[in-house]
Amino acid sequence: MRRFLLLILSVTAGTLCSFADTGRDRLWQSFLSPPDSIRVGCYYYWVNEHVDPKGVVADLEWMKDNGITLAFLATDIRNRTGWEKPWEGQTFGRNKFQSRLWWKNLRTALRTAGRLGIEMGLFNCPGWSQSGGPWVRPDEAMRNWTPQGIEVCKTKQGTDVVCSPCSPEAEGLEVDKLSKTHVKKHFESFIGEILRRIPAKDRPTLTTVVVDSWERGKQNYTDSIFEKFQQRFGYPLDYQNEACRKDLDRLIAELVASEYMGGLTEKAHEYGLRTWCEPYAHSPFPGNSITYGSAADEVAAEFWVDDKKFRQKEIDAALGAARRSGKNRVWAESFTDGWPELAQDDWSFAKLRPIADRYFHAGVNASILHVMISQPGDPRKPAVRPWFGTYFDRRSQHAADLKPLVAYLRRCNFMLQLGRPYNNAPDQRIMADGTIIRFTADSRFEITFADGRQETWDPLQNLFDQ
């Protein structure tokens, strides 16, 4: 009997060891070659209307060849040479907003992405910030109460607040962010029109509506602001009474989340799409980043290449919104750069990797590259070069570094999306079976398995052999 029990225990132990080894091996193989669900993406910009169908196909094939399987398309970005004279020295191509060529290029992009298995997103308006276009009337726009009356919001320079930076034909007033009615009409005028004009069979991988960082300033008025204020606080709103100011600000922040981001998300869901937003501001922000980001399906931070300071504000906004609303992924618009002296084609894997790692330690676990610029289909034409971003496009002189960079980001994203945060640490995860994953100070993954075994995995292993 004793010999029989020893035999059973021996067989059982061997089976458990086999199961553990199988689980370890499966995790290891997924680490080396993450599943298709782990997508590294890019912002994909059409700049100054220099876009053609042949180039669009080449752009997307370039992405796929280098492991990029998610692209967020902004259709009408305008370049600039400076803030004071933004049109000086600019030349524009034939891809005019909503022209026949524009529609052909858009259909080509969505159809090609479907063929290649690249998931697509569309910015919710022309330009990258925020939500506006030629269809927005003054009575549907961001407005302010002033002692002289209600007026469309103005910039410091005195012109109306419009979606920006975008080509002249696409520019229009920014929609009222406190009115779900106006927000939904804006959605229908741009995204809705695209969905009506391009049949579902030609956009099989279109999944996402993108809302970039807030850069459009504040508003303090909407059609029903007096009724909403009375209902929310139980006393009448008086703009000239300083005692109302805090409550008005609180109401506006609530409406920015529920009416604006909530309205965009509701409309996206009606069409089977999701929203992706950056819940922070590069200008005065009337909202609350946590509640605002919680109203979107996905949230993102941002980090820059040549910034001297850590982007704590962006991280706090995205991480806070994700944790409040139970989102596992915290994206980052990655490797932003700007201005002529910084937006240079001088990147490399060695330069960018430690920057990414710093933000992985802070809680980022999903990556969007900034930026992929559409290049001409004719290789004899000069490259399109903007004043912003790291040049990840097919005309970059460092193109050979893109594939290993994407593979490295996918490995890190995969490991940092497993399970759930451990001990509230942004760079540690715990899986359902108790396996703990820690991203170490020297940018490796320390794995402590449920049985106590420990291994250290290097995301650089065999990286350049792929």
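Quick caveat, the model's predicted, so the values are computed rather than measured.
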Ring geometry between Y45 and H370 (parallel below 30°, tilted from 30 to 60°, perpendicular above 60°): perpendicular
Student check: side-chain heavy atoms of V305 and I355 closer than 4.5 Å: yes
Residues I447, F31; criterion side chain to side chain contact (heavy atoms under 4.5 Å, CB included); working and verdict: CA-CA 12 Å; I447 319 298; F31 167 67; over 6 Å; no
Atom pair CZ/CE of R438 and M415 - distance to nearest 0.5 Å: 12.5 Å
Carboxylate-amine/guanidinium proximity below 4.0 Å for D59 and R394: yes
Verdict with reasoning, F445 to L416, per side chain to side chain contact (heavy atoms under 4.5 Å, CB included): CA-CA 9 Å; F445 288 97; L416 293 168; 4.0 Å; yes
Short side-chain to backbone donor-acceptor contact, S99 and W102, under 3.5 Å: yes
Side-chain heavy atoms of R444 within contact of W457, under 4.5 Å: no
Polar side chain donor-acceptor pair, S348 to D401, under 3.5 angstrom: no
Electrostatic pair R196-E193, nearest N-O below 4.0 angstrom: yes
Backbone N/O of D176 and side chain of Y260: donor-acceptor pair under 3.5 Å: no
Heavy-atom check, side chain of K96 versus side chain of L101, under 4.5 Å: no
Six-ring centre of Y280, K313 cation under 6.0 angstrom, axis tolerance 45°: no
Whether N79 side chain and Q90 backbone form a donor-acceptor pair below 3.5 Å: no
Trace of the side chain to side chain contact (heavy atoms under 4.5 Å, CB included) decision for E174 with V162: CA-CA 5 Å; E174 276 287 328; V162 296; 5.6 Å; no
Lys/Arg-Asp/Glu bridge criterion (N-O < 4.0 Å) met for R385, D393: yes
Pair T146-E151, side-chain donor/acceptor within less than 3.5 Å: no
E61 bridged to K64 by N-O distance under 4.0 Å: no
Close side-chain approach of K177 to Q130, heavy-atom, < 4.5 Å: yes
Under-4.0 Å salt bridge between K54 and D378: no
For W128, the option from W46, F388, F123, Y44 that meets ring-ring contact (aromatic ring centres under 6.0 Å, His included): F388
Parallel, tilted or perpendicular: rings of Y43 and F72 (30°, 60°): tilted
Carboxylate-amine/guanidinium contact E298 R39, below 4.0 Å: no
Derivation of the side chain to side chain donor-acceptor pair (under 3.5 Å) call for T207 and E119: CA-CA 7 Å; T207 63; E119 190 177 319; 2.8 Å; yes
N424 versus R323, closest heavy-atom pair with distance: OD1-NH1, 3.4 Å
Heavy-atom pair with the smallest gap, counting every atom of P126 and C163: O-CB, 3.7 Å
Non-hydrogen side-chain atoms of K218 and I252 separated by less than 4.5 Å: no
Residues R197, D202: salt bridge by 4.0 Å N-O rule: no
Identified side-chain hydrogen bond (donor to acceptor under 3.5 Å, both in side chains) partner of D297 from the options H269, R274, K327: H269
Expected output: side-chain N48 to main-chain H50 donor-acceptor under 3.5 Å: no
Check: I68 and M372 side chains under 4.5 Å, non-hydrogen atoms: yes
Test: E259 and K228 ion pair at under 4.0 Å: yes
Sidechain N-carboxylate O distance under 4.0 Å for D346, K351: yes
Candidate pair R143 and D223, rule salt bridge (charged side-chain N to carboxylate O under 4.0 Å, His left out), full reasoning: CA-CA 9 Å; R143 287 161 290 163; D223 301 331; 2.9 Å; yes
Criterion ring-ring contact (aromatic ring centres under 6.0 Å, His included) against F310, the qualifying member of Y359, W304, F303: Y359
With T275, the side-chain hydrogen bond (donor to acceptor under 3.5 Å, both in side chains) member among N124, T265, T208: T265
W145 and I150: CA distance, side-chain angles, deciding distance, side chain to side chain contact (heavy atoms under 4.5 Å, CB included) verdict: CA-CA 5 Å; W145 180 94; I150 307 302; 3.6 Å; yes
